[in-house]
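Since we're looking at a predicted model, the values are computed, not measured. Lettering follows sequence order; numbering is per chain, from 1.
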Amino acid sequence: MSSPSRPHIYVDVPAFPHGHLSPYSAEEHLKTLYGFPSMPEYLSRFDMLVSEDTAWIMRKTETFTSMDRDVELRQCKEAGQDSVIDSTAGHRAQCVGLSGQTDMEDRCLEQVQSLVLDEVLKDIETACKLLNITPDPTEWSSGHAQKWLLWTEHLYRLPQVGKAFQHLSGSDLCVMSEEEFRQRCSPCGDVLFAHLDIWKTAAWMKDRCSPENNTFIGAGTDELCAEADSSCSGQPIHLWQFLRELLLKPHNYGRSIRWLNKEKGIFKIEDSAHVAKLWGIRKNRPAMNYDKLSRSIRQYYKKGIIKKPDVSQRLVYQFVHPV
DNA sequence: AATGAGGACTTAC
DNA sequence: GTAAGTCCTCATT
């Protein structure tokens, strides 16, 4: 169970598992998270889709942020919600007296939540492809767990602490409390815990959506399950595929590599050392660097997969066959 | 000092 | 055999 000292935004996924609270931490905590995907960050992806709802839920989450978790949970219970969507329940508790609008607002909230969950699952799916691991952390070997730790600490530019968790399997990590994470790694244990919490939750969702017990799945969840279910099968990946996957997720990897012209397939490696490090983690090559990675890219010239753009620029390459 | 082009050899699958 | 990884030289930015 999470420590109450970490405030949470209740953007959670419908009915959280084993008492999990939303993995999304509150604003003040986010300041220390170096790119940890915040609720506003996820929401900003839906601005075009649901701008009004987004504006509304943004205000709501700000309110929740400032609320004490225990108070909110108490309010939930008083409002007669127990195994509930926390934020909705909290919202209900807050909106006593506004019952006329509540149902509609709840639907908006659930809609946005489901979009957020969708994004989370897509992010995990991508990470699985990039890392060559399964979505369910409990299935990870110590090697997989180590890979995930390394990846996470590089991606979010955390202090390097992988060694603190050496020889632990995924299930070992999953049974550890936030406090144990902190003890093993004082600077960022709670951040790692929060990230793992997202994965645990997603895996739990997937399990919950399995065909045998799909009776109480609400509408809209089906596609989310499909997302979670889609195989993150671990096959050898080519460097150019790896780069493409990174480019598909500007939100997560845009600081390292981004499109200059997506239509023409022109991209720029913004942080060569970082991209090389990520590639090295994927391939289990700790000594990988940009020198070697770029040599591999150059091999693509002859194969007609990647070339230098017509106007050659440093760290800029072009896919010969943009999709 | 970092990046870029390629040769030559090795390694992993 | 293929796709990279490693190492290296020399050129360019």
Give a yes/no answer on whether the side chain of [X] brings an N or O atom under 4.0 Å of OP1 or OP2 in [N].
X	N	answer
A:Tyr300	C:dA4	yes
A:Arg285	C:dT6	yes
A:Ser296	C:dA3	no
A:Trp279	C:dA4	no
A:Lys308	B:dG4	yes
A:Lys292	C:dA4	no

Legend entry - Closest-nucleotide ordering on DNA chain B, the 5'-leading residue of A:Arg295 and A:Ser272: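 Here A:Ser272 is the residue nearer the 5' end.
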Inset, instruction - Could you pick out which residue, A:Arg314 or A:Tyr301, lies toward the 5' side of DNA chain B when each is mapped onto its nearest nucleotide? - result: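 Nearest nucleotide further toward 5': that of A:Arg314.
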With a 4.0 Å cut-off on heavy atoms, is [X] in touch with a base, just the backbone sugar-phosphate, or nothing at all?
X	value
A:Gln313	sugar-phosphate
A:Leu239	sugar-phosphate
A:Phe242	nothing

In whole Å, I'd like the distance from the [atom1] atom of [X] to the [atom2] atom of [N].
X	N	atom1	atom2	answer
A:Leu293	B:dT3	CG	C1'	13 Å
A:Ile269	B:dT3	CD1	P	9 Å
A:Met288	B:dT10	CE	C1'	14 Å
A:Leu315	B:dA5	CG	P	11 Å
A:Ile306	B:dG4	CD1	P	12 Å
A:Asn132	B:dA12	CG	P	17 Å
A:Ile297	C:dG5	CD1	P	11 Å
A:Asp291	B:dG6	CG	P	15 Å

Legend entry - A:Arg298 (side chain) and B:dG7 (base): donor-acceptor pair under 3.5 Å: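 No, the side chain and the base share no sub-3.5 Å donor-acceptor pair.
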Inset, instruction - Ignoring hydrogens and angles, state whether a donor on the side chain of A:Ser169 or A:Asp172 is under 3.5 Å from an acceptor on the partner side chain. - result: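 A:Ser169 vs A:Asp172: donor-acceptor pair found between side chains.
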Inset, instruction - Tell me yes or no: between the side chains of A:Asp136 and A:Thr134, is some donor less than 3.5 Å from an acceptor? - result: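 Their side chains do not contain a donor-acceptor pair, so the 3.5 Å distance test is not met.
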Legend entry - salt_bridge(A:Asp271, A:Arg255) N-O dist < 4.0 Å: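 Looking at A:Arg255 together with A:Asp271, the answer is no, because their closest N to O distance does not fall below 4.0 Å.
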Legend entry - Note: A:Arg182-A:Glu179 ion pair, threshold 4.0 Å (strictly below):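 Salt bridge: yes.
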Inset, instruction - Tell me which nucleotide among C:dT6, B:dA5, C:dA3 gets nearest to the side chain of A:His238. - result: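 Per side-chain heavy atoms of A:His238, the pick is C:dA3.
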Inset, instruction - Without swapping roles, check the side chain of A:Gln318 against the backbone of A:Lys264 for a donor-acceptor pair under 3.5 Å. - result: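 Here the side-chain-to-backbone pair exists.
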Inset, instruction - Examine A:Ile306 and A:Leu247 and state if one hydrophobic cluster contains both, with Ile, Leu, Val, Met, Phe, Trp and Tyr joined whenever side-chain heavy atoms are less than 4.5 Å apart. - result: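 Same hydrophobic cluster.
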